[in-house]
**Student:** 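Right, I'll just put the structure down here and ask away after.
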Protein chains: 2
Amino acid sequence: MATTRRERLRAETAAEIKAVARRHLVAGGPQAVSLRAIARDVGMTAPGLYRYFPSLDELVNALADDLYDELAAALARAGAPLPAAEAGARALAVCRAFRAWSVAHPAEFGLLLGPADTEERLARAARRFEGIFATLSTDLWRQYRFPAPVEVDPALAAQLDAWRQRAGSAVPTPALRVLLGYWVRLYGLVSLEVAGHLRAVLGDAEPLFEETLREFAEALGLGAAYRRPAPERAT
Amino acid sequence: MATTRRERLRAETAAEIKAVARRHLVAGGPQAVSLRAIARDVGMTAPGLYRYFPSLDELVNALADDLYDELAAALARAGAPLPAAEAGARALAVCRAFRAWSVAHPAEFGLLLGPADTEERLARAARRFEGIFATLSTDLWRQYRFPAPVEVDPALAAQLDAWRQRAGSAVPTPALRVLLGYWVRLYGLVSLEVAGHLRAVLGDAEPLFEETLREFAEALGLGAAYRRPAPERAT
DNA sequence: CCCTGGATGTGAACGGTGTTAACAAGCTAA
DNA sequence: TTAGCTTGTTAACACCGTTCACATCCAGGG
């Protein structure tokens, strides 16, 4: 706590600026995040914001960082109450939390996992989610040793091997392939739902999501342990 | 061909405007599509464009319509040379064409299937892709009668039934469930790849994509008929 | 043939945007 | 108390979408 009074105030207004920016993001989409409008709401003039962020883009990047933290915290919080011995149940809870957060915060989801306008933001997303996926996948493998396809395409196997080495994972290649496949399904489902492309077909995407989770649980060999969730609680 | 000379010229410049808009879209992303910049490149002043489109948003909508046509044509062209008796091979070709087009045109993909900023554009996307999915799925079912999960969650089944009725499909509910699942995987995969979120993990996404297609082929019961594609050709 | 009317495009203007520069005030520390 | 860094302002520049009044030009009818 070696924070001087100045630094504390500075951090506070920086936080307020990001909060206002977020309000504008959810209210009017990405293009409604304007420096001048934010400044108005904060009670400053636009150039004043440059004392806190070097550009609008960097402001948005900072906001994105906060949102990554928030999402990661939500995922962690969802898995925490469950016993570590039940990695499967934890994984399911994390998946549900991922969908719940995304559906509750579509604009923020677009910023974090939508088409990455900046190479910068792309790298941030990768850094964050690689870690989560790595720990979750090793936990799942260590506990269940679920069946995996006998053979993986050599080119794909090489890529997965490289990733395992880079990320320091211990999951064998075929199992990694299985889990990556489910991550793709999860992302596809949530992404479609958040973008609204599923509303036209399904209305409510939850049943399809839950059934996908059930398939996931079965693939992991904990089919019977699957349970429908309690009525969800947003964050 | 009851087109007067005026109408022809008008259509020509409208097309040129959209072409320039597209160039700006791919060059600098969605926010680089500016009325004034387009006007400059076309050789007009900005207000002149209002004789052709009532607003920038409508211009982009018109461009999106063209792109839907282009994508749909690319998919049709991919399936056309294959014999109608092999619906499975056609489906695989269409899937590959979908990925090829999307990867070759990431900016356009973002406009068509990314987060829909307008309810308007969302409806357009739904209209287009529902049709393609409907015909493709009925063809697949008629020909293969592939195995499907014994039971579908009642809530999900009700939604699928409603959609079948609305879209005039003839595919039974469990089969529809299977195909929808693969559409989600396909979309998730391509969406991740186009957004760049897969580069950090895989580098090249083609092996994973092809393996997913192989799984798809096996699920349809035409496992042996799967063949790796010839070196792809972009459009 | 003219010539009238609609189609097409221009210039000016309004309010909005991001960003920079020069400048004023205020708090902190010596 | 004073010097200096921090914070915020105002003015300005260049861009944006959009509207309005005005010019121009081409097509069709007298």
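Protein chains get the first letters and strands the later ones, always in sequence-line order, with residue 1 at the start of each.
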**Student:** When you measure from the side chain of A:R40, which nucleotide among D:dC20, C:dG18, C:dG16 comes out closest?
**Tutor:**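 Comparing D:dC20, C:dG18, C:dG16 against the side chain of A:R40, the answer is C:dG16.
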**Student:** When you get a sec, tell me which of D:dC16, D:dT18, D:dT9 is the closest nucleotide to the side chain of B:A46?
**Tutor:**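 Closest nucleotide to the B:A46 side chain: D:dT18.
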**Student:** With sugar-phosphate meaning primed atoms plus P, OP1 and OP2, does B:S34 contact a base, only sugar-phosphate, or nothing at under 4.0 Å between heavy atoms?
**Tutor:**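 It contacts sugar-phosphate atoms only.
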**Student:** Are the side chain of A:H105 and the backbone of A:G110 linked by a donor-acceptor contact shorter than 3.5 Å?
**Tutor:**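 No, A:H105 side chain to A:G110 backbone: no donor-acceptor pair under 3.5 Å.
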**Student:** Tell me the interatomic distance from A:M44, atom CE, to C:dG18, atom C1', rounded to whole angstroms.
**Tutor:**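 Roughly 15 Å, once rounded to whole Å.
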**Student:** Please confirm whether the shortest side-chain N or O distance from B:Y50 to OP1 or OP2 of D:dT18 is below 4.0 Å.
**Tutor:**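 Answer yes for this pair, as a side-chain N or O of B:Y50 is under 4.0 Å from OP1 or OP2.
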**Student:** D:dT6 P sits how many Å from A:F53 CZ, rounded?
**Tutor:**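 Rounded to whole Å, this separation is 17 Å.
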**Student:** Any idea which of D:dA12, D:dT7, C:dG6 is nearest the A:R36 side chain?
**Tutor:**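 Nucleotide nearest to A:R36's side chain: D:dA12.
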**Student:** For B:E70 and B:W101, test the side chains for any donor-to-acceptor distance below 3.5 angstrom and give the result as yes or no.
**Tutor:**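 Checked: B:E70/B:W101 side chains pair up, N/O donor to acceptor below 3.5 Å.
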**Student:** Could you tell me the separation between the CG atom of B:L35 and the P atom of C:dG9, rounded to a whole number of Å?
**Tutor:**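 Distance check: B:L35 CG to C:dG9 P gives 14 Å.
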**Student:** What's the CZ-P distance between A:R51 and C:dC27, to the nearest Å?
**Tutor:**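 Interatomic distance, CZ of A:R51 to P of C:dC27: 16 Å.
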**Student:** Could you give the NE2-to-C1' distance, from A:H24 to C:dG16, as a whole number of Å?
**Tutor:**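 Computing the A:H24:NE2 to C:dG16:C1' distance gives 14 Å.
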**Student:** Measuring from the side chain of A:R6 (C-beta onward, heavy atoms only), which nucleotide among D:dC22, C:dC27, C:dT19 has the closest atom?
**Tutor:**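 Of D:dC22, C:dC27, C:dT19, C:dC27 is nearest to the side chain of A:R6.
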**Student:** Got a donor-acceptor contact below 3.5 angstrom from the A:Q159 side chain to the B:G203 backbone?
**Tutor:**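 No.
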**Student:** So, do B:D66 and B:R22 sit near enough that their side-chain heavy atoms are less than 4.5 Å apart?
**Tutor:**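 A side-chain contact under 4.5 Å is absent here.
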**Student:** Can you identify which nucleotide, out of D:dG8, C:dA7, C:dT17, has its nearest atom closest to the A:Y52 side chain?
**Tutor:**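 Side chain of A:Y52 sits closest to D:dG8.
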**Student:** I need the CD-C1' distance between A:Q31 and D:dG17, as an integer number of Å.
**Tutor:**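 Atom-to-atom, A:Q31 to D:dG17, this comes out as 11 Å.
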**Student:** How are the rings of B:Y182 and B:F216 set relative to one another: parallel (under 30°), tilted (30 to 60°) or perpendicular (over 60°)?
**Tutor:**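 Tilted.
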**Student:** Picking from D:dT7, C:dA21, C:dG6, which would you name as closest to the side chain of A:R10?
**Tutor:**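 Closest nucleotide among those given: D:dT7.
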**Student:** Starting at atom CG of A:L49, determine the distance to atom P of D:dG8, rounded to an integer number of angstrom.
**Tutor:**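 Nearest whole value for this atom pair: 9 Å.
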**Student:** Side chain of B:T45 only, please: which of D:dG8, C:dT10, D:dA11 is the nearest?
**Tutor:**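 Selected nucleotide: C:dT10.
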**Student:** Can you measure A:L9 atom CG to D:dT7 atom P for me and round it to whole angstrom units?
**Tutor:**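 Nearest whole value for this atom pair: 9 Å.
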